[in-house]
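First comes the structure, then the notes that go with it.
Each residue takes its place number in the sequence, starting with 1. All values reported here derive from a predicted model rather than from experimental measurement.
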Amino acid sequence: MLKKILFITVLCLSVSSVFAVELIPTQELLAGYLQKDSDMKNLALELKKAEISRESSQLDKGLNIKLATGNMTFNLGDENSFSVKPSVTASLPSTSNLSMDVSGDFSSQNGEFKFNGASANVSLDLISSNKINNEVQKLQSDRKVLEAQRNINSKAIDKEKSFYKSLSSLLSSISNLVSKQLSFTDDINSFEKTKLEGYSESSSSYIRAEMKYLTSERDLQTAVHNLINDYKLFYLDCGYDIEIPEDIDFLLLVPDDISAVAPLDVTAFDRNQYTQIESTLWNDKINELSRSVNKNLSLTANGGYSYTESNKSSSVNAGVNGSYNGLSVSARVNVPIQNENQQQGKGKQSPTVTVGVTYSPNTFKKNKLSDETTAITIEQEEMKHDSVYDAYETAVQERIIKLSDLEWTKTTNQKNLEMYEEIEKSMNEYYKKGLISDKDYLSAKNNVSQTKIKQLINNIDFILYNDDVKTMFVE
């Protein structure tokens, strides 16, 4: 058994292996990893909901028309009559809250159709916050769609980071496993040497060597078991299956398609697109837009025309309603323009004027307190500006330092690889000539393998660095 384990260990660390595992290309694994994520699907649905909500909001702000029959009354007696008062209402909130309604009064008795009268009314806002509110609501609807799109992009980047972190962890496990294989070989050789030196099985030297060998064997078996399970779970997360025999050369699990990527220059991005700054500037825009209208002042105008068939009378009316800081004023004038009784000299109708005034002192006080609150809010917004710009500067410096560290690691790994490859080449010649032991050659070969894995991990770190930079800014 001991010789079999030693043979497998040496075989795994040797130049080639008879066992092979078919690896899925890394980009295909990543695509499967993203596709299986339920959060991505949910965010896509959230985007659809935001788009539907925006469309619904746009309909509310557009031309609205309502047709109504009004109350229809049927008399089922001998007279066989009915009456109906249909109406049409049209409104356009985006245009000064303009609205118009037209209604009529019709009846029929014993088959004779009769027109009883009609009226028409128009109203609109001369001064109000309605137009600004509509614009704010439109911007907010567009913002929800934009943020839903950004959430999908951010989630995709987060999942990519999770994928590569898992892959980096697997590469580190392979590196540790290769080191354990080499340590196991050393412990086997030490144990065999102890037995050859004639120590009895009850001696302390023999027991220490045996315990070290057994511990090393258990650690190696545990590492092999954990690595195989971790690789299987990783492939399952990507939508694939993989079979890995325990006696494989685990270096064959190291992918060869993770190329180095060019690092992003964090200083080349627009500062105003930094996530926190962009969000703050957008909120400032909305807040300033909302504060640009005087909510304490409003003025509405309306007018109409009515006609009554019974006395051939008609009139026009017009009115205004205004309010400012708790003071409300309304005025309305009604002017008769035609009357059958007046034409017959039975009476004269004169124009009428209606005026009303109300005042609420508490409204004035509340508006004043609201202005004080607004001033404090503006000061807080200015303070937040300093905070987010400081956060940007800190984040940029952190990325610059991180990139410098990655570049240093990349250079160091390349120098070490060139050195270890030269040493391994020389040790291979010595090994073939019998000048050095298995241990010495395997140690030199292990250094090359470990450094190559470190290079791959460094390549992944550059990918993760770029993802971190991307998440700092919004499109």
Side-chain angles (χ1 to χ4, degrees), residues 24-57 139-172 230-242 255 257-266 268-283 286 388 391-392 394-396 398-399 402-403 406 456-475:
I24 304 297
T26 302
Q27 290 303 310
E28 291 184 21
L29 288 174
L30 175 58
Y33 191 80
L34 295 175
Q35 188 175 7
K36 284 199 65 178
D37 184 66
S38 59
D39 290 339
M40 292 289 291
K41 298 176 182 178
N42 183 60
L43 289 174
L45 294 176
E46 289 294 332
L47 172 59
K48 186 63 177 178
K49 286 170 60 178
E51 291 173 340
I52 293 174
S53 177
R54 178 175 64 178
E55 184 177 355
S56 176
S57 177
L139 291 174
Q140 289 174 334
S141 296
D142 292 340
R143 180 72 178 189
K144 287 182 179 180
V145 173
L146 178 61
E147 289 182 346
Q149 293 171 335
R150 288 174 176 175
N151 288 339
I152 294 177
N153 295 335
S154 297
K155 188 63 179 180
I157 293 176
D158 288 341
K159 292 302 295 183
E160 181 179 88
K161 289 170 62 178
S162 176
F163 170 84
Y164 278 111
K165 284 180 180 179
S166 297
L167 186 54
S168 178
S169 177
L170 289 174
L171 292 175
S172 296
D230 289 344
Y231 244 98
K232 287 183 177 181
L233 289 174
F234 177 69
Y235 263 61
L236 284 176
D237 287 339
C238 299
Y240 294 93
D241 293 323
I242 186 172
D257 57 350
I258 304 177
S259 304
V261 296
L264 297 175
D265 181 6
V266 68
F269 288 80
D270 183 2
R271 183 178 69 166
N272 288 340
Q273 294 303 111
Y274 179 65
T275 303
Q276 296 181 36
I277 293 178
E278 190 272 345
S279 177
T280 300
L281 293 178
W282 188 85
N283 287 329
I286 293 297
V388 296
Y392 164 78
T394 300
V396 168
E398 288 176 349
R399 292 299 95 201
K402 177 63 176 180
L403 178 57
L406 292 176
L456 284 178
I457 293 176
N458 182 251
N459 289 348
I460 291 176
D461 288 340
F462 271 100
I463 295 175
L464 295 175
Y465 165 83
N466 283 350
D467 284 342
D468 286 337
V469 173
K470 292 175 185 176
T471 57
M472 288 175 59
F473 302 90
V474 293
E475 297 179 358

dist Leu146:CG -> Leu47:CG (nearest 0.5 Å) comes out at 10.0 Å

Under 3.5 Å, is there a donor-acceptor pair between the side chain of Tyr274 and the main chain of Val388? no

Heavy-atom check, side chain of Tyr164 versus side chain of Thr26, under 4.5 Å: yes

Shortest non-hydrogen contact between Arg150 and Glu475, atoms and distance: NH2-O, 2.9 Å

Could you pull out all residues at least two apart from Glu46 that satisfy salt bridge (Lys or Arg N to Asp or Glu O under 4.0 Å)? Lys49

Which residues share a ring-ring contact (aromatic ring centres under 6.0 Å, His included) with Phe234, sequence neighbours left out: Phe163

Backbone N or O of Ser166 within a donor-acceptor pair of the Asp230 side chain at under 3.5 Å? no

Evaluate side-chain contact (heavy atoms from CB on, under 4.5 Å) for Leu456 paired with Ile460, printing each intermediate quantity in order. CA-CA 6 Å; Leu456 284 178; Ile460 291 176; 5.6 Å; no

How long is the straight-line distance from CG of Leu264 back to CZ of Phe462, given to the nearest 0.5 Å? 11.0 Å

Spacing of Asp461 atom CG and Lys165 atom NZ [to the nearest 0.5 Å]: 10.0 Å

Are Lys155 and Asp37 packed together at the side-chain level, in the sense that at least one heavy-atom pair is separated by less than 4.5 angstrom? yes

With a 3.5 Å distance limit and no angle check, can you tell me whether Ser279 reaches the backbone of Thr275 through a side-chain donor-acceptor pair? no

Scan Asp468, Thr471, Asp467 and name whichever one has a side-chain hydrogen bond (donor to acceptor under 3.5 Å, both in side chains) with Lys161. Asp468

Neighbour count above 12 (heavy atom, 6.0 Å) for Lys144 NZ: no

So which heavy atom on Asn466 is nearest to which on Pro263, and how close? OD1-CA, 3.4 Å

Return yes when atom CD of Gln273 has more than 12 non-hydrogen atoms of other residues, nucleotides or ligands closer than 6.0 Å, and no otherwise. yes

Return yes when atom CD of Gln140 has more than 12 non-hydrogen atoms of other residues, nucleotides or ligands closer than 6.0 Å, and no otherwise. yes

Checking Glu398 against Met472 for the side-chain contact (heavy atoms from CB on, under 4.5 Å) test, could you report, in this order, the C-alpha distance in whole Å, the side-chain angles of both residues, the deciding distance, and whether it holds? CA-CA 12 Å; Glu398 288 176 349; Met472 288 175 59; over 6 Å; no

Indicate the atoms forming the closest heavy-atom contact of Tyr235 with Ile24, along with that distance. OH-N, 3.1 Å

If you apply the rule side-chain contact (heavy atoms from CB on, under 4.5 Å), what do you find for Asn458 with Leu406, and how did you get there? CA-CA 7 Å; Asn458 182 251; Leu406 292 176; 4.2 Å; yes

Please name the pair of heavy atoms, one in Leu34 and one in Ala156, separated by the smallest distance, quoted to 0.1 Å. CD2-O, 3.8 Å

Quick one: pull up CG in Asn283 and CD in Glu278 and give me the separation to the nearest 0.5 Å. 9.0 Å

Where Ile152 and Ala44 come nearest, the two heavy atoms and their spacing: CD1-CA, 3.8 Å

Does any N or O in the side chain of Tyr392 come within less than 3.5 Å of the main-chain N or O of Gln276, such that one atom is a donor and the other an acceptor? no

Provide the closest heavy-atom pair for Lys470 versus Ile157 in the form atom of the first, atom of the second, distance. CB-CD1, 3.8 Å

Any chance you could lay out the side-chain contact (heavy atoms from CB on, under 4.5 Å) test for Gln27 and Leu30, step after step, and finish with the verdict? CA-CA 5 Å; Gln27 290 303 310; Leu30 175 58; 3.9 Å; yes

Drop me the distance from Asn151's CG to Asp158's CG, to the nearest 0.5 angstrom. 10.0 Å

Using only atom types and a distance under 3.5 Å, with no angle test, would you say the side chain of Asp257 pairs donor to acceptor with the backbone of Pro25? no

Whether Lys36 side chain and Leu236 backbone form a donor-acceptor pair below 3.5 Å: yes

Just verifying a value: how many Å separate Glu160 CD and Ser162 OG, rounded to the nearest 0.5 Å? 10.5 Å

For residues Pro255 and Leu171, determine if any side-chain heavy atom of one lies less than 4.5 Å from a side-chain heavy atom of the other. yes

Would you say that Tyr465 contacts Val469 through its side chain, given a criterion of any heavy-atom pair below 4.5 Å between the two side chains? yes

Are any non-hydrogen side-chain atoms of Val266 and Leu403 less than 4.5 angstrom apart? no

